2 protein chains.
Amino acid sequence: MSKSKIQVDENGKLKCCLENTLSIIGGKWKLVILWHLGVEGIHRYNELRRLMPGITHKMLSQKLKELESNGLVHREQYNEVPPRVEYSLTEKGYSVMPILEAMHKWGNDNW
Amino acid sequence: MSKSKIQVDENGKLKCCLENTLSIIGGKWKLVILWHLGVEGIHRYNELRRLMPGITHKMLSQKLKELESNGLVHREQYNEVPPRVEYSLTEKGYSVMPILEAMHKWGNDNW
DNA sequence: CCGTATCCTCTCGGATACTG
DNA sequence: CAGTATCCGAGAGGATACGG
């Protein structure tokens, strides 16, 4: 097994990339949310809740807001009664799919 | 942007893959440790400490032990004076490199 | 040199109730 | 339906001191 192609640009540079990335898509729920939106497309708020039985109201809205402010998720609100809000991935959101695929593959290979 | 190739096998199956993967390589330090060992090869304990200025004694030894018990890291102890311990990646450890590369690339592209 | 043991802080995430 | 507010507990992570 040869060494990786990854090279460090300067002192600590790559480490910072990893930490920056983790700060945006880390935690218990963000990758799962991104996966649902990436694989299945647009979802309403309560659809996402049903798809993630373990998540709480607070976590879902909080993580969606964080993902939106980081430009990974787009929030479309329709002023109807009852209210309707649809979430989808942005271009930047889709760009994390390779990470998701790599993790999914690794999870499959090691279980 | 078309949908991802990821497909869900059954109800919640892929989500579990992600969560299992996260449980092993998640957290603040594990990916950084794997990166150093994967890119630079074998390292002694104190070398790793110097490469990760922020990490504490407790975290480094704790995370190394977890990575070892999960079969990602190999620990080789030499009974000399002073003691010497070398850490390296196992085959399974190297198998997480695609995830690391994907995250590194994403971090670079988005900064 | 390479750790472990304690103790402590602080953030993440959960439960529950309330609002437009 | 789609959230926000408040409170709370557990556990991750840090500082420091001690041991083999």
Side-chain angles (χ1 to χ4, degrees), chain A residues 15-16 18-37 40-70 72-88, chain B residues 12 15-16 18-37 40 42-70 72-88:
Chain A
K15 195 193 86 185
C16 290
L18 286 180
E19 289 179 350
N20 289 335
T21 301
L22 284 173
S23 72
I24 290 189
I25 62 172
K28 187 175 179 178
W29 293 111
K30 285 184 176 177
L31 286 178
V32 181
I33 294 173
L34 291 173
W35 162 61
H36 279 292
L37 294 178
E40 302 153 6
I42 296 177
H43 274 305
R44 299 179 60 166
Y45 181 84
N46 272 346
E47 285 175 354
L48 284 172
R49 276 203 83 193
R50 257 174 270 118
L51 292 168
M52 291 176 276
I55 202 169
T56 63
H57 238 355
K58 176 188 170 182
M59 279 302 108
L60 181 54
S61 63
Q62 181 176 312
K63 296 309 166 188
L64 280 171
K65 204 177 343 184
E66 291 174 15
L67 289 170
E68 187 193 1
S69 77
N70 284 321
L72 301 182
V73 161
H74 173 68
R75 180 181 187 275
E76 189 70 37
Q77 177 166 356
Y78 302 90
N79 290 318
E80 310 169 345
V81 243
R84 182 160 60 101
V85 179
E86 289 182 345
Y87 291 93
S88 55
Chain B
K15 195 193 85 185
C16 290
L18 286 181
E19 290 178 349
N20 289 336
T21 302
L22 284 173
S23 72
I24 291 190
I25 61 173
K28 188 174 178 180
W29 293 111
K30 285 184 176 177
L31 286 178
V32 181
I33 294 172
L34 291 173
W35 163 60
H36 279 292
L37 294 178
E40 302 154 7
I42 296 177
H43 274 305
R44 298 179 60 166
Y45 181 84
N46 272 347
E47 285 175 353
L48 284 172
R49 275 203 85 193
R50 257 174 268 119
L51 292 168
M52 291 177 277
I55 201 168
T56 62
H57 237 357
K58 176 186 170 183
M59 279 302 110
L60 181 54
S61 63
Q62 182 176 310
K63 296 309 168 188
L64 280 170
K65 204 178 340 185
E66 290 175 16
L67 289 169
E68 187 193 0
S69 78
N70 283 321
L72 301 183
V73 161
H74 174 69
R75 181 181 185 274
E76 189 70 38
Q77 178 166 354
Y78 303 89
N79 290 318
E80 310 169 347
V81 244
R84 183 161 60 101
V85 180
E86 290 182 345
Y87 291 93
S88 55

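This one's a predicted model, so the numbers in the text were calculated from it and none came from an experiment. Reminder, nothing fancy here: chain letters follow the sequence lines and each chain counts from 1.
Counting to the nearest Å, the P atom of dC1(C) and the CD atom of Glu86(B) are 14 Å from each other. The interatomic distance linking Leu64(A) (CG) with dG13(C) (C1') rounds to 15 Å, in whole Å. In this structure, Gln62(B) atom CD and dG11(D) atom P are separated by 13 Å, rounded to whole Å. Counting to the nearest Å, the P atom of dG14(C) and the CD1 atom of Ile55(A) are 7 Å from each other. Distance NZ (Lys28(A)) to C1' (dG13(C)): 7 Å, rounded to an integer number of Å. For the pair Met52(A) CE and dG13(C) C1', the interatomic distance rounds to 14 Å; values are reported in whole Å. For the pair Glu66(A) CD and dG13(C) C1', the computed distance is 11 Å after rounding to whole Å. If you take CD of Glu80(B) and C1' of dC1(C), they are 11 Å apart, rounded to a whole angstrom.
Counting non-hydrogen atoms under 4.0 angstrom, Arg49(B) reaches nothing in the nucleic acid.
Regarding contacts with the backbone of dG13(C), a side-chain N or O of Lys63(A) is found under 4.0 angstrom from either OP1 or OP2. OP1 or OP2 of dC1(C) has not a single side-chain nitrogen or oxygen of Arg44(B) nearer than 4.0 Å. Taking side-chain N and O atoms only, Tyr87(A) has a distance below 4.0 Å to OP1 or OP2 of dG3(D).
The listed nucleotides are dG3(D), dT4(D), dA2(D); the one nearest the side chain of Arg75(A) is dG3(D). Each of dG3(D), dC1(C), dG3(C) was ranked by its minimum atom distance to the side chain of Tyr45(A); first place goes to dG3(D). Checking dG3(D), dG14(D), dC7(D) against the side-chain heavy atoms of Lys58(A) singles out dC7(D) as nearest. Side-chain proximity of Pro83(A) to dA15(D), dC1(C), dG20(C): nearest is dG20(C). Taking the side chain of Met59(A) as heavy atoms from C-beta on, and the options dG14(C), dT4(D), dG14(D), the nearest nucleotide is dG14(C).
Nearest heavy-atom pair across Glu47(A) and Ile42(A) is OE1-O, 4.2 Å. Closest heavy-atom contact between Lys30(B) and Ile25(B): CB-O, 4.0 Å. Minimum interatomic distance between Ile55(B) and Trp29(B) (heavy atoms only, all atoms of both residues): N-CH2, 3.6 Å.
Both Ser61(B) and Arg50(B) lie near DNA chain C, and the one whose nearest nucleotide falls closer to the 5' end is Arg50(B).
Salt-bridge formation is detected for the pair Glu66(A)/Lys63(A): a Lys NZ or Arg NE/NH1/NH2 atom is positioned less than 4.0 Å from an Asp or Glu carboxylate oxygen.
Looking at heavy atoms from C-beta onward, Leu48(B) lies in side-chain contact with Leu37(B) at the 4.5 angstrom threshold.
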